[in-house]
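The structure under discussion appears below in the form of structure tokens.
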Amino acid sequence: LPLITTNCAVLGVALTVVQKSSPFAAAADGMFNLGEATVYAFATSLGFGLAMVLFAGLREQLALNDVPKAFKGIPIALVTAGILAMAFMICDHLWAKVVPGNDWMTYIGRLTFPIFAFMISEGFIHTSNLKKYILRLLGFALVSEIPFNLFYSSRWFNPYHQNVLFTLLLGLLAITVIDKSRKCKEKKDRLKYVVALTLICLASTIGFVDYGFWGMIMVVMFYILRDFPFAWLAQLVAMVMINVVMFEGLVIPVEILGKAFEIPTQSFAVFALIPIWLYGGKKGKSSKFMQYGFYAFYPVHMLILYLLDL
């Protein structure tokens, strides 16, 4: 797991140096000369080296400590992935609000959503009460909306951008509809599921949810490809198509051998597959504290960052 952060960070530093050293660098920011680029890369590498040592220490502590039997091995990988996703999210939100300009932070932050999308699809498979799962996600989505609005727009109400829990909720509803349609034997009854799925897709677009339609599709993708032969390869292709080809957002302009290219920052999300692949499909022991802690972290950390920025 430390390698995922290190690989993305190294790539992010290289892209930033190339961007700052190219004619495409914004005039206000200036361009790096050779000495500045060298110092920037070296100093940043020291920081990432420290991060790698910290993550290596975390893994060592997990190996040495008496981890409960239900969490040993593969299940602890999913828990660790969830914690890493929260850390990645903090990096992204710090970049957006508190310390803008440190672009490497948003590169790392791109790994957050795919991990949560995967956890939603796995939650659907393993939940003992789907209705409570949906209502719990809806409840925290509603609770998170005001902190989300304050964080991103400094307003209590913003109808043009809804928080990511609504995106995950729509993804959960979509895979619920798909699952029910698969079990439906009457073809005429499947029409209502087609209509329901169409409305969910429409809501993900006109509802202005975070990550939009393709965010919802990412949740569905992890569910549909879960039991595919060579699922890892299918997930890789799907993640590249969704995050590199289809997503529209910030790009990193680079010049290679005199030719200009634009690399979407969302493409870093593909690296989230590494911690996802470390999970083996086992549920592990249920913990209400961890379950609600993951949900509560989202609105709480945004509210704290908003207050720090006042």
Test your reading of the model: is there a side-chain donor-acceptor pair from [X] to the backbone of [Y], 3.5 Å cut-off?
X	Y	value
His301	Tyr298	yes
Ser204	Gly212	no
Tyr223	Ile125	no
Ser267	Ile263	no
Thr127	Phe124	no

If you take all heavy atoms of [X] and [Y], which pair is closest and at what distance?
X	Y	value
Ser144	Pro147	O-CD, 3.3 Å
Val270	Asn243	CG2-CB, 4.4 Å
Met246	Trp214	CE-CZ2, 3.3 Å
Cys184	Tyr193	CB-CE1, 3.9 Å
Ile175	Val220	CG2-CA, 3.7 Å
Met216	Ala174	SD-CB, 3.9 Å

Measure the spacing between [atom1] of [X] and [atom2] of [Y] and express it to the nearest 0.5 Å.
X	Y	atom1	atom2	value
Thr176	Leu197	OG1	CG	11.0 Å
Ile276	Met119	CD1	CE	10.0 Å
Leu94	Ile108	CG	CD1	11.0 Å
Asn158	Glu145	CG	CD	8.0 Å
Met302	Phe151	CE	CZ	7.5 Å
Phe247	Met241	CZ	CE	13.0 Å

Students often mix this up, so state it plainly: with edges at 30° and 60°, are the rings of Phe148 and His161 parallel, tilted or perpendicular? perpendicular
Do [X] and [Y] come close enough that some side-chain heavy atom pair is under 4.5 Å?
X	Y	value
Met105	His93	no
Leu169	Val209	no
Asn163	Asp210	no
Phe116	Thr112	yes
His126	Tyr133	no
Tyr306	Ser154	yes

Any donor-acceptor N or O pair under 3.5 Å, side chains Asp92, Thr106: yes
Decide yes or no on side chain to side chain contact (heavy atoms under 4.5 Å, CB included) for Ile252 and Phe268, but give the supporting numbers first. CA-CA 11 Å; Ile252 306 169; Phe268 286 90; 3.8 Å; yes
Show your working on side chain to side chain contact (heavy atoms under 4.5 Å, CB included) between Asp103 and Tyr107 and close with a plain yes or no. CA-CA 7 Å; Asp103 292 345; Tyr107 302 157; 3.6 Å; yes
Do [X] and [Y] share a hydrophobic cluster, counting only Ile, Leu, Val, Met, Phe, Trp and Tyr and linking them when any side-chain heavy atoms are less than 4.5 Å apart?
X	Y	value
Leu172	Leu142	yes
Met218	Val245	yes
Phe157	Phe166	no
Leu250	Leu111	yes
Ile242	Leu233	yes

Residue pairs involving residues 230-241 (criterion side chain to side chain donor-acceptor pair (under 3.5 Å); sequence neighbours excluded): Gln235-Trp277
Apply the test side chain to side chain contact (heavy atoms under 4.5 Å, CB included) to residues Ile90 and Phe297: give CA-CA distance (whole Å), side-chain angles for both, the deciding distance (0.1 Å), then the verdict. CA-CA 10 Å; Ile90 289 179; Phe297 165 81; 3.6 Å; yes
Can the ring centroids of Phe118 and Phe222 be said to lie less than 6.0 angstrom from one another? yes
Carefully, step by step, assess Val164 and Phe113 under the rule side chain to side chain contact (heavy atoms under 4.5 Å, CB included). CA-CA 8 Å; Val164 75; Phe113 184 79; 3.4 Å; yes
